[in-house]
S.K.: 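Quick one: the structure is below, questions incoming.
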Amino acid sequence: MPFRSRYTGLIDRYRDRLPVHDDTRIISLGEGNTPLIRLHHIPDIIGKDVDIYVKYEGLNPTGSFKDRGMTMAVTKAVEEGSKAIICASTGNTSAAAAAYAARAGITAFVLIPEGKIAQGKLAQAMMHGSVVIQIQGNFDEGMALVKQVADHAPVTIVNSINPYRLQGQKTAAFEIVEELGRAPDYHCLPVGNAGNITAHWIGYCEYSSAGGEVTKACKFCDGNCRFAGGAIVGNRPKMVGYQAAGSAPFMRGKMVDDPETVATAIRIGHPQSWDYAWQVQKESGGWFDECSDELILAAQKLLAEKEGVFCEPASATSLAGAMRDIKSGKIPEGSSVVCTLTGHGLKDPDTAIAQSTAPLINIKPTLDAVKHAILDNLN
Ligand SMILES: *Cc1c(COP(=O)(O)O)cnc(C)c1O
């Protein structure tokens with residue numbers, strides 16, 4: 001008998017709030033239940049009295065939050081008899097699709113932009129045995145193709161336009177509320193397709209008691225969300241979405257055809273959840289903003305050096321934007337802020353090494369040389 005407390009993934013944990021049946025075969029790798037880490041040094045560095053937490057989604061089984069959505073999408077695909085799944089991806093969706101397809105014993109087809117996905121993600125898609133299709137185009141072009149081909153071949157799309165993805169991803173908001181005992185005042189996320197910011201808002205709304213808002217929020221899930229009651233909190237956060245400056249359709253107010261950024265996971269010019277995300281911004285009273293690649297990389301490095309948390313560049317966009325808005329007072333002192341760190345730093349070692357300024361010390365293998373290396377570098 002397994003221990004009753006053994007953690008078996010987010011569908012098991014939030015079964016009553018997700019569209020599964022008692023006899024549904026759950027395809028899980030133990031995703032979810034990620035740490036909410038309170039930052040100790042960065043608030044001092046900013047010089048403001050704020051509580052900043054990072055939700056370290058890089059600790060999911062394939063190293064990104066995509067696992068939350070993929071456990072639901074693949075579980076439902078299998079339940080519906082599908083033998084193959086397909087997605088377009090900037091990397092992390094393909095890694096998750098490949099792993100969950102392997103777990104389920106079905107085939108994953110992944111379309112990725114040639115030369116524009118981080119090495120770790122490519123390694124994952126290949127190792128898990130998915131069929132990797134590289135296109136000479138960007139994510140948006142891949143997405144358009146995937147939507148078309150699904151009408152011509154027996155494959156289930158597992159991009160975030162698959163409604164089960166958002167259902168799985170909303171559980172991150174549940175975890176945060178349960179851990180803090182309330183919703184934070186601000187929740188900051190990097191935005192690409194804007195599925196995740198939408199999913200978090202669904203989750204917060206379902207947890208909130210505010211005058212009938214629970215039913216209202218369920219328009220996102222066509223009313224098939226079965227959550228009713230449970231622990232209720234009164235507040236919901238302002239949702240803040242940050243984009244990379246070279247890939248910021250929400251700032252431009254229209255689609256961007258040639259998105260470019262070092263944060264490849266959010267190199268998306270035609271967000272699939274465009275309308276939902278604007279609705280989230282309006283309903284929550286939050287905002288969108290953009291960060292330069294330099295600011296994003298600086299935040300990634302600061303977080304790794306000062307807090308011991310390593311995330312990929314796209315993930316650091318949430319912290320980069322939050323730090324700027326805290327400094328300027330747009331996010332006022334006394335606030336609680338959660339920044340989602342969407343993916344693990346090891347996903348993209350090339351970018352990390354290229355921007356690191358840490359000296360590599362080369363010495364002869366002698367005691368004297370090691371001793372000097374230490375004494376010369378003690379603070
Ligand atoms: C997918 C992804 C995002 C963007 O999420 P959306 O739901 O597309 O807005 C951000 N960061 C990382 C690391 C991702 O993998």
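Every number for a ligand or one of its atoms is a count from 1 in the order of the listing. The shown structure was predicted, so the numbers you read here are calculated from the model rather than taken from an experiment.
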S.K.: Please report whether ligand 1 has a polar contact with I266, defined as an N or O pair separated by less than 3.5 Å (distance criterion only).
M.R.: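 Min N/O separation from ligand 1 is not below 3.5 Å for I266.
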S.K.: For the residue pair Y186 and D325, establish whether any side-chain heavy-atom pair is separated by less than 4.5 Å.
M.R.: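 No, too far: nothing below the 4.5 Å cut-off.
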S.K.: Ignoring angles and geometry beyond distance, decide whether G195 reaches within less than 3.5 Å of ligand 1 through its nitrogen or oxygen atoms.
M.R.: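 There is such a contact, yes.
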S.K.: I need the nearest protein heavy-atom contact for atom 8 (O) of ligand 1: residue, atom name and distance, please.
M.R.: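 Residue, atom and distance for the closest contact: N193 N, 2.8 Å.
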S.K.: Compare every heavy atom of K48 with every heavy atom of K327, then report the nearest pair and how far apart it is.
M.R.: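 Looking at all heavy atoms of both residues, the closest pair is O-CE, 3.4 Å.
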S.K.: Going by heavy atoms in the side chains, are I197 and H187 under 4.5 Å from each other?
M.R.: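 No; the side chains remain at least 4.5 Å from each other.
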S.K.: At what distance is the nearest protein heavy atom to atom 7 (O) of ligand 1, and which residue and atom is it?
M.R.: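 The closest one turns out to be N196 N, 2.8 Å.
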S.K.: Between T24 and H21, is there a side-chain heavy-atom distance shorter than 4.5 Å?
M.R.: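 Yes. Closest side-chain heavy atoms under 4.5 Å.
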S.K.: Show which atoms of ligand 1 fall inside a sub-4.0 Å distance from at least one heavy-atom site of G343.
M.R.: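 Heavy-atom distances to G343 below 4.0 Å select 13 (C).
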S.K.: Are S160 and ligand 1 in contact, using a heavy-atom cut-off of under 4.0 Å?
M.R.: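 Not so, S160 does not reach ligand 1.
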S.K.: Does the side chain of M143 reach to within under 4.5 Å of the side chain of I161, using non-hydrogen atoms?
M.R.: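 Yes, close enough: below the 4.5 Å cut-off.
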S.K.: State, with a plain yes or no, whether a side-chain heavy atom of N60 is found less than 4.5 Å away from one of T34.
M.R.: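 They are in contact (side-chain heavy atoms under 4.5 Å apart), so the answer is yes.
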S.K.: Any N/O of A314 closer than 3.5 Å to an N/O of ligand 1?
M.R.: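 No, A314 has no N/O under 3.5 Å of an N/O on ligand 1.
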S.K.: Please report whether ligand 1 has a polar contact with S315, defined as an N or O pair separated by less than 3.5 Å (distance criterion only).
M.R.: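 Among all N and O atoms of S315, none is under 3.5 Å from an N or O of ligand 1.
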S.K.: Considering only protein heavy atoms, which is closest to atom 12 (C) of ligand 1, and at what distance to one decimal place?
M.R.: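 For atom 12 (C) of ligand 1, the nearest protein heavy atom is T342 OG1, 3.2 Å.
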S.K.: Are the side chains of K121 and S64 in touch, meaning some heavy atoms are under 4.5 Å apart?
M.R.: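 Answer no - side chains too far apart.
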S.K.: Under 4.5 Å between any side-chain heavy atoms of P35 and L59, yes or no?
M.R.: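 With C-beta onward as the side chain, the pair touches.
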S.K.: Say whether E312, considering both its backbone and side-chain N or O atoms, lies within less than 3.5 Å of an N or O atom on ligand 1.
M.R.: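 In this structure, E312 places no N or O atom under 3.5 Å from an N or O of ligand 1.
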S.K.: Record the part of N92 in heavy-atom contact with ligand 1 below 4.0 Å; permitted values are side chain, backbone, both and neither.
M.R.: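 Side chain only.
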S.K.: Hey, is ligand 1 close enough to Q169 that some N/O pair sits below 3.5 Å?
M.R.: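 No; the residue has no nitrogen or oxygen that sits under 3.5 Å from a nitrogen or oxygen of the ligand.
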S.K.: In the protein, what heavy atom is nearest to atom 2 (C) of ligand 1, and what distance, to one decimal place, separates them?
M.R.: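 That would be K66 NZ, 2.5 Å.
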S.K.: Which protein heavy atom lies closest to atom 5 (O) of ligand 1, and at what distance to 0.1 Å?
M.R.: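 Of the protein heavy atoms, F65 CZ, 3.4 Å lies nearest.
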S.K.: Look at atom CG of D22 and say whether more than 12 heavy atoms of other residues, nucleotides or ligands are closer to it than 6.0 Å.
M.R.: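 Atom CG in D22 is not crowded, with 12 or fewer foreign heavy atoms closer than 6.0 Å.
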